[in-house]
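Values below: every heavy atom of this structure, side chains too, minus hydrogens, waters and symmetry copies.
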Protein chains: 2
Amino acid sequence: MGLTKTEIFTEEQNRLAVMLKAIAHPARIAILQEIIKSNTCICGDLVDELGLAQPTISQHLKELKNAGLIQGTIEGVSVCYCINPPVWNELREQMSGFFAAYDLKATCC
Amino acid sequence: MGLTKTEIFTEEQNRLAVMLKAIAHPARIAILQEIIKSNTCICGDLVDELGLAQPTISQHLKELKNAGLIQGTIEGVSVCYCINPPVWNELREQMSGFFAAYDLKATCC
DNA sequence: ATGATTAATCGTAATATTGCAATATAAAGT
DNA sequence: ACTTTATATTGCAATATTACGATTAATCAT
């Protein structure tokens, strides 16, 4: 108990859940928006930009990285983060499928 | 501590996080897919379809309903669930914005 | 080497989530 | 009224998440 029964679901469902869970936090949404907006990757700027402590930001970045949504490159003293295209596209396609499936349907009830 | 600092983020960021958090579980993804696939709304069928206990399914449905993603109509003894178009479209647009913003960018690092 | 800067990790407290057995509620049929 | 059928609620145990202070690790400049 207290543990998601991943073995019951398809690989696709589990992957999508992992990716969405990574995004499903306002801080991580804000981080992704910053990363996308500032074409050039950021790092410690996020600590100033958002009002969260450095360890907290670092942890959120780690979760986004674990889900594969972003990648980090060491750039001297700092770390440069950016979107990881393959996983980002995987997410985009999964969501497209979701929305497309509903488009054709009428409301019931 | 242990509590998300919602006051730090925009209303949009918080709303998107709530919607995504509701979807970000394999069981709830499976439920949404079933609801979308079976144009006609389902309810207890989900208990048979997925391999989870009735209270567990009921709880997942409640979370989806709380986020506004689905709506339930009492139909005699059973309850008929279906997508709630306004919120569903809100989510679709938010996600579109996300993906569109990245489209234009090149990879850095 | 020393100090400054940047980011990750550890430890911990507060809270949230997941799943289910047991029970409660509510409508329909008999 | 009583039983059946369908769903919701309650209570609880196991685990996960969120946030941050304190510390560590790693790179750069002097």
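Distance, A/Arg28 CZ to D/dA16 P: 15 Å, rounded to whole Å. If you measure from atom NZ of B/Lys5 to atom C1' of D/dT18, you get 11 Å, rounded to the nearest angstrom. Atom C1' of nucleotide C/dG19 and atom CG of B/Leu46 are separated by 16 Å, given to the nearest angstrom. Per the geometry, CD1 belonging to A/Ile8 stands 14 Å off P belonging to C/dT18, to the nearest Å. Between the CG atom of B/Leu52 and the C1' atom of C/dT18 there is a distance of 10 Å, given to the nearest Å.
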- Heavy-atom contacts, protein to nucleotides 22-30 of chain C, under 4.0 Å, summarised as B (base), S (sugar-phosphate only) or - (none) per nt, yield B----SS--

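The minimum heavy-atom distance between B/Phe99 and A/Arg92, with the atom names listed, is CZ-CA, 3.5 Å.
When heavy atoms are screened at a 4.0 angstrom cut-off, B/Thr56 is found touching base atoms of the nucleic acid.
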Tell me which donor-acceptor pairs under 3.5 Å the side chains of residues 48-63 of chain A have, and how far apart each pair is, sequence neighbours excluded?
unit_1	atom_1	unit_2	atom_2	d
A/His60	ND1	A/Arg28	NH1	2.9
A/Glu63	OE1	A/Arg28	NH1	3.2

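When each of C/dG19, D/dT18, C/dA8 is scored by its nearest atom to the side-chain atoms of A/His25, the top-ranked nucleotide is D/dT18. The side chain of B/Tyr81 approaches D/dT7 more closely than any other nucleotide in the set D/dA16, D/dT7, C/dA16. The side chain of A/Leu3 lies closest to D/dT15 when the candidates are D/dT15, C/dA16, C/dT18.
Hydrophobic clustering (side-chain heavy atoms under 4.5 Å, transitive across Ile, Leu, Val, Met, Phe, Trp, Tyr) groups B/Val47 together with B/Ile74.
Sequence order on DNA chain C of the closest nucleotides to A/Ser78 and A/Thr6 puts A/Ser78 first from the 5' end.
No side-chain heavy atom of B/Thr10 sits less than 4.5 Å from a side-chain heavy atom of B/Asn14. Within the 4.5 Å cutoff, the side chain of B/Cys82 has no heavy atoms near those of the B/Ile70 side chain. For the pair B/Tyr102 and A/Ile35, the minimum side-chain heavy-atom distance is 4.5 Å or more.
When the side-chain nitrogen and oxygen atoms of A/Lys21 are compared with OP1 and OP2 of D/dT17, one or more of them lie within a distance under 4.0 Å.
In terms of modelled atom types and a separation under 3.5 Å, the side chain of B/Gln94 and the main chain of B/Leu91 share no donor-acceptor contact. Formation of a donor-acceptor pair under 3.5 Å by the B/Asn84 side chain with backbone atoms of B/Gly68 is found in this model.
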- Query: Should B/Glu34 and B/Lys37 be marked as a salt bridge (Lys or Arg N to Asp or Glu O under 4.0 Å) after you check the CA-CA gap, both sets of side-chain angles, and the distance that decides it?
  - Reply: CA-CA 5 Å; B/Glu34 263 300 307; B/Lys37 195 186 75 182; 3.2 Å; yes

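Listed by residue number, the members of residues 57-68 of chain A with any heavy atom below 4.0 angstrom from DNA chain D are A/Gln59, A/His60, A/Glu63.
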